[in-house]
Structure formats: structure tokens, C-alpha cells
Amino acid sequence: MKNQETNPADNQPNQQPQSEQPNKQPKDKRRFSFYWIYAVLFAVLIGVNFFGRDADPTVKEEIDQGKLTEMLKMEEVGKIELVNREDAEIYLNQKGLSKHFPDAKPASNGISKMPNYTYKIGSLDRFEEWVEKAQEGLSKPVYIKNVRRNNWMSDILGWIVPFALLILFWVILMRGMGRNMGGSGSIFNIGKSRAQLYDKNTNVNVTFKDVAGLEEAKVEIMEVVDFLKNPEKYTKLGGKIPKGVLLVGPPGTGKTLLAKSVAGEANVPFFSLSGSDFVEMFVGVGASRVRDLFNNAKSKSPCIIFIDEIDAIGRARGKSAITGGNDERESTLNQLLTEMDGFGTNSGVIVLAATNRADILDKALLRAGRFDRQIYVELPDIVGRKEIFEVHMRNLKLGNDVDKEFLAKQTPGFSGADIANVCNEAALMAARKGKEIIEKQDFLDAVDRIIGGLEKKNKIITQEEKKVIAFHEAGHATTSWLLQYAHPLVKVTIVPRGNSLGAAWYLPEERQITTKEQMYHEMIATLGGRAAEQVVFGQISTGALSDLEKVTKQAFAMVTYYGLDEEIGNLSYYDSTGQQDYSLTKPFSEKTAETIDKRVSFIVEKAYQEAITILTEHRDGLSQLANKLIEEEVIFGEDLERIFGKRPWGNSEDEKLKNAALKAAESQNQTEQEPENA
Ligand code: ADP
Ligand code: ZN
């Protein structure tokens, strides 16, 4: 589970406020000023629209046809000016002025200095005709004078605004593209690497103290730091300093965190980016970014380059000939290989890369001289989990009853990121309840919540359904309890949570190899749910979807991968190289395919019948268990022990563990979930 700080190259301010700041600030400033320009332009536009048109300072009264005719007849009009063939401006003469505007003084020629009225002309010809007609018979008729008046403001704006808009649009487009691609503001930077640089100025304050557990990984990676700081120590003896270190492990186990802490510990510049940062829609960009990245790095050596999720570019090349391959990704990878070969052993650049799928990486990446060291970052064990809890509880206000060791026991299979999530969730839950401190129960709730999603107490389940679910879960519990090699059950609930209607937790043995017998017993237990439905109700339901999926896959793996089936024999069609594309061609004949199908269904069927036999035989116990489940919604290993007796082969180690961690189920590893009636 990757929740925090997965990808330092991402521009997500709320994730890494500290280290982002130096890069962020100038950018923000520039954007800020840009917005001002937009705002001003916008205001001007609006202004032009509203006032530009009639921005004539001498606002005059509009006059209608009748009044104008009358004035013309009375010889009150001194002059008519036709402005831009649109408006007529009427200037009164002495007579007209003294009648209508007694205060106004005429100019020396006896005509008003300013137009007194305007008249909006509809048709120009008609207007002229009509003015002429109105003055028929007068001795001194007024003639219409044409004037052109340029409103240069609006003219210029009329030219400029479209251009400005065009440019503005272009700028926005370019900036948007730049942000998406180069991150550095313009399309011209597209070939530049997008790596984020952490150095003295950006003070990375992650150190080994913040990385809990992972002791071996720390030791190994500390060596890398030593290489960087004292290269002579190694080169003196003729040794070569490794160029690349690959961190391999499941998501959320702290690979990114570890890489960052190396930078913090070594006090050298640290370039961080994600594999997908190289990939772009333009051809050649990836390769050019790789070049740019290495050039930058060399100029800052000694330094560390960290490439997260390197599988984005490092996937094996030329795997699918049919699709034509991904040329761009390939050339990026080639460039990376070339660069890694290219720099000398003492150039002081070390490349760290992280992946959770080392198996799909191109072999060329892993050979000596490139990522020749691999550090495995595994899911934390119980001690590791306790330490991770310690790290993440540092800043929490804890109640006295919070026991880290107990919590570590509660969370097998959790990654560091999951535990970080639990701590955060517990804090939120306590806050929601208005508490001052975070108590044990909050942590337990958080664990439950993260395992199964939020409890949905108000989900409506009919009594009938509840009964079916209870018997289904009891079926799992009973079969697994009664089979020697199945994992003994720790806790079963039928409280619906998240997407599942019921869940069972088992205590898995730590085992590296699984025998055929063990696999088979697990399959019987997995089918125990459906078998119980069959035995008790005589009918089966859709509630067993995930069980069936699991069992089918397991049977298929037994037959085709592990060579555990007599009829197929000691053959494995597993391809660890990932080079073959089996979706199109099968590595076996049609006849073998038929045999495989037959054997898979035979194994599953046999296991199912076995489950039915066990449950029919222990029908009483099954009912007792199911009824208790209906009543209490949760049962524990002890209840099974009371009903069926101790497991004769139950290993004492497990027993001890189980007793130590009380009621609340100590081990929540295998969460078996039933999908809602799918
Ligand atoms: P990965 O890169 O392996 O997917 P991250 O390094 O991004 O995982 O881990 C995500 C988060 O999980 C970290 O930011 C940290 O809070 C937490 N975490 C993971 N492993 C550890 C650990 N060993 N110690 C402390 N915190 C951890
Ligand atoms: Zn089931």
C-alpha cells in the first residue's frame, strides 16, 4: 500500500512540504504576477465593451424626428453634422439657443459651440431627403455636413484585443504543456530531466532514525554511502565502486524512505525521480532526459540518483514482437544503460533504483556494472513492525494502555506504509471521538478498519442471509480446525465490513516450502464454506466466489507450476523470465491442455467432497459454531477448542502465541473475504 511519499518527483505540495519549498516558491511568484496581467487585460476588455462605444464626453440629448422638423421649420438650427454617417449632431443658432438653452453662449458665428442634440439616423438617404423637405421654402436652409471622426482608442483596441487574446491563449497553452511535460515552464524544456534535487539547501531531514527495521538493508546501503565519501579506500586496492543499487521489495516497505535517508545520511545531493518521468508522448524525449539527468548529476558529484519504480522503463525489451514493442521506452532504457556504462567508476555518481518487480526487469539492467547490487526490502517481521510503530508514534499523544508489541502482533503482513496508515487512522478516530489521547482501542479499530474497510453495522442483512453467512464461515473454521495441515483459525466474524460479509483470520505457519498435503488441506478448508452451505441447506450460493477463485488458481498452480499432479508429472510450465507471452501461445499441446483441465477440476472436486465428508461427520459441531456466530457475531479459537477439542497435532508454538494475545485475535494475516452476492 503506497500512501505517502511514494513519489518524490510528484508535485504534490501536501505530501512533502519541506523539501518542495525551494522549488515551489519562485514558480508561485511568477504565476501570481501572470494572474495580474490576466486580470488587467480582462478589466480593459470589459471597460472597452461598456464605455468604449460611446466614450464621447459631450453627452447630448437625443431628439426625435418631429421636434427636429419643427426646429428646422422655425429656422432654429444652425448646422447639422453627420458623424461617421451614423449620428447627426444638431447645433442650434442664436434663435434656437435663446429659446431652448437660454444660458448657453453662441460662438462668434452665431451658432452654438457644442452640438445641442443628436439624432440617430436610420437610413441616410431618407434623412437627407427629409431634412431638405422640412426646410422647403426657407431662404437659408441648413445643409448637412459630413464629418469623419476617428475614435482611435476603440480602433486600436479593436486591433489589439484579438491579438492579445491570441497571445494569451498561446501562453496559457505553452505553460500548461510545459507543466505537464518538463515541469520547468516551457515546451523548450521538454528534454530536460524532471528530477528533483535535494541538497544542502533543501535540507532533507530524513535519516536512518526515521527508517525502522530493515537492518540488513541499512548496513548494505551504508556501504554505498561509504563508497561515495571515501572512494579511494576502495579504488586504492583496485576495486570498482558499484554504480547501481537496486532496492527490491513490495510496495510500502520503505524503499523510497530508505533512499531518502541515504541522501540525508551521506549529505550529498540527491536527485529523485520516478521511472515514469522519463516517458513522454514525444519520441526521443526519454533518452534526452536521461542524458540531461546524468549530466546534471556529474556536475554535482559525488551524488545519488534515485529512480523510483524503475520498471516503468526497465521492463524487459522486445517482449511482445506482435505489438511492435514500445520503441520510446526501449530507447530510454538503452540510453540509461549507455549512461551507466559511460561514467567512470570514480565519477562519484551512484544510481539507486526501486522496484517491486525485479523479475520483469531487463536482464541487461541487472548485469554487472549496472545495478549489480540488489538489496531486498521485505515486509517487516514482528520486531520490525514494533519499531515502525515506534517511529510513527513519536508525534502522537498516546494513552498508557497502548502497547506497541501487542499492536505488532496484531498486524502481521502489514507494510511500513500500512502501519503509518494505522497510526494516522487511530489518531483521527480518537479525534473524532473528542479524546485527548489515543488509546489502545483506537489502534485496534484502525487496524480492523484498514484490514476490512469501515465496519458497516447498519448494512441490512436479513436473518436468513446471516444464517447462511454464519454457516459458511463456520464451515471454513470447522474444516481448517480438523485438518492437520490447514492453518488453525484464530477469529471469525460475520460483521460485514467493506465489501465482505464475513471474514476469518488464520494463524499461518511460517513456511518456505509447501507440501502437496498442505496445499490440499488448505483447499479443503477454503471450500469448507460452500460445503457447509451444501450440507446444511442443501443449496449453494454466490457467496463463495472468492473461495472458488482462490481454489481454482491453487489447483491450477499445483498441476501446471509445481508439478504436484501424478498425471501431468514433474513438469512446470511456469516461466520465471516473463519472456513468453502465454496469452497467445501455450507451452503445451492441446491434449495436455485437456488433461490439465481434467486434473484441475478433479482436484477441486475431490477437495470439495472431502470437505463435505468432514462437515457431515461433524454436523453437530458445525451447527453449534454457526449458532454461536449468529449470536455473538465473532468467535475465537477457544470456542472451536471447546467444541471440537484440542487439535492433536496443534504445534505448541502456535498455542503459546495464541494464548499470549488475548481475545482480539492476534494474527490477522489471511483475511478471507466473501464478496457480496456477486
Ligand atoms: P515504497 O517506496 O517501498 O513503496 P515508501 O518508502 O514510499 O514505500 O513508504 C511509504 C511510507 O511508509 C513512508 O513514507 C513511511 O511513512 C512508511 N514506512 C514504510 N516503511 C517504513 C519503515 N521501515 N520505517 C518507518 N516508516 C516506514
Ligand atoms: Zn468463504
Side-chain angles (χ1 to χ4, degrees), residues 1-10 15-16 206-218 247-262 272 274-275 306-311 352-357 375-381 383-395 414-424 468-480 489 492 494 500-504 506 523-533 540-551 611 670-675 678:
M1 205 175 288
K2 278 171 195 244
N3 51 345
Q4 293 155 15
E5 300 190 286
T6 333
N7 183 356
D10 266 352
Q15 290 190 337
Q16 295 178 324
V206 180
T207 61
F208 280 167
K209 272 216 315 290
D210 302 290
V211 188
L214 303 177
E215 292 310 328
E216 299 94 38
K218 272 190 209 165
L247 300 167
V248 187
T253 44
K255 297 183 291 296
T256 314
L257 194 68
L258 199 59
K260 252 194 225 153
S261 71
V262 173
S272 169
S274 160
F306 175 63
I307 306 174
D308 206 355
E309 333 233 338
I310 196 171
D311 35 301
L352 291 182
T355 180
N356 43 38
R357 307 223 33 207
I375 297 179
Y376 287 90
V377 183
E378 300 289 355
L379 286 174
D381 58 6
V383 184
R385 288 200 299 276
K386 187 178 160 215
E387 286 173 15
I388 298 174
F389 266 114
E390 262 155 26
V391 167
H392 289 278
M393 282 176 179
R394 260 187 230 150
N395 299 324
F414 274 43
S415 71
D418 294 335
I419 291 176
N421 204 359
V422 167
C423 291
N424 188 46
V468 174
I469 297 165
F471 270 97
H472 179 107
E473 296 301 333
H476 286 308
T478 308
T479 40
S480 65
L489 178 126
V492 189
I494 55 166
S500 69
L501 298 174
Y506 300 92
M523 287 169 67
I524 298 174
T526 312
L527 286 165
R530 167 162 279 202
E533 291 177 41
I540 49 182
S541 72
T542 54
L545 173 63
S546 68
D547 294 344
L548 296 185
E549 185 188 347
K550 194 168 140 200
V551 144
Q670 288 201 353
T671 316
E672 185 257 0
Q673 304 192 333
E674 314 296 334

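For ligands, and for the atoms within them, numbers begin at 1 and follow the listed sequence. Values below: all heavy atoms of this structure, side chains included; hydrogens, waters and symmetry mates excluded.
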- Task: Please confirm whether N356 comes under 4.0 Å of ligand 1, counting heavy atoms of the residue only.
- Result: no
- Query: Do K255 side-chain atoms and V377 backbone N/O form a donor-acceptor pair below 3.5 Å?
  - Reply: no
- Query: Could an N or O of ligand 1 be found under 3.5 Å from any N or O of G252, whether backbone or side chain?
  - Reply: yes
- Query: Within the stated cut-off of 2.8 Å, is an N/O/S atom of E473 closer than that to the Zn ion (ligand 2)?
  - Reply: no
- Query: Taking atom CZ of R530 and atom CG of L548, what is their separation to the nearest 0.5 Å?
  - Reply: 4.5 Å
- With sequence neighbours left out, write down each residue that passes side-chain hydrogen bond (donor to acceptor under 3.5 Å, both in side chains) with E549, or none if nothing qualifies. K553
- Item | Side chain, backbone, both or neither: the part of H392 lying under 4.0 Å from ligand 1 by heavy atom | side chain
- Message: Side chain or backbone, does V391 bring an N or O within less than 3.5 Å of an N or O on ligand 1?
- Response: no
- Using a strict 4.0 Å cut-off to heavy atoms of A212, name the atoms of ligand 1 that fall inside it. 22 (C), 23 (N), 24 (N), 25 (C)
- ligand 1 N/O within reach of L214 N/O, cut-off under 3.5 Å: no
- Query: Who pairs with F389 by ring pair (Phe, Tyr, Trp, His ring centres under 6.0 Å), at least two apart in sequence or on another chain?
  - Reply: none
- Message: With rounding to the nearest 0.5 angstrom, report the NE2 to CG distance, H392 to D210.
- Response: 8.5 Å
- Item | Passing option when Y376 is tested against L247, T253, L214, V248 for side chain to side chain contact (heavy atoms under 4.5 Å, CB included) | V248
- Message: Using the Zn ion (ligand 2) as the vertex, how large is the angle between NE2 of H476 and OD2 of D547, rounded to 10 degrees?
- Response: 100°
- Message: Below 3.5 Å, N or O to N or O, backbone or side chain included: is there any such pair between I388 and ligand 1?
- Response: no
